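Following: one structure in structure tokens, then a few remarks.
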Amino acid sequence: MSATTDNRLTPRQRLARGLTYSAVGPVDVTRGVVGLGVHFAQSTASQLHRRYREGRLAREIAAAQETLSQELAAAQEVIAGLPQALQDARRSRRRGRRPWLIAGAVVVVLGGGAVAFSIVRRSIRADHEEPSPRPPSVDVQPRP
């Protein structure tokens with residue numbers, strides 16, 4: 001077989017050949033995968049076309065449109081009543097303890113974190129302040 005001869009391979013054959021031969025492998029693998037993808041898309045399109053011709057898809061689309069219009073109408077009713085519901089919720093909401101409770105919880109958490117930080121820091125300092133067994137390399141006493 002010469003290099004100029006182009007055999008008509010199916011995408012599956014091209015993919016198999018690309019995986020076996022390393023010289024033309026990446027090109028054949030790519031062409032094989034693309035060919036399989038195109039074949040899959042054509043097959044799916046023909047199935048959808050056949051289903052549409054049979055009327056199943058048309059009935060499904062009509063049912064979906066009906067369901068969508070009902071859901072849209074229900075959503076419009078909810079949105080129309082939303083301002084009144086928000087106003088009622090604002091009236092019924094209690095004011096008083098809740099903000100103070102949240103602020104108190106924040107203060108307790110921050111205070112606990114500060115205490116924990118200082119304890120950890122002190123324990124780290126105590127661990128690092130052990131005297132060295134070696135003599136100092138510089139004079140410890142400043143000269144007058």
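Keep in mind the model is a prediction, meaning the values are calculated, not measured.
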Min side-chain heavy-atom separation Ile119-Val115 under 4.5 Å: yes

Qualifying residues under salt bridge (Lys or Arg N to Asp or Glu O under 4.0 Å), relative to Glu54, sequence neighbours excluded: Arg50, Arg56

Interatomic distance, Thr44 atom OG1 to His49 atom NE2 [nearest 0.5 angstrom]: 14.5 Å

Acceptor/donor pairs from residues 60-67 side chains to any protein atom, 3.5 angstrom cut, sequence neighbours excluded:
| unit_1 | atom_1 | unit_2 | atom_2 | d |
| --- | --- | --- | --- | --- |
| Glu60 | OE1 | Arg51 | NH2 | 2.9 |
| Glu60 | OE2 | Arg51 | NH2 | 3.2 |
| Glu66 | OE2 | Gln70 | NE2 | 3.3 |
| Thr67 | OG1 | Ala63 | O | 2.9 |

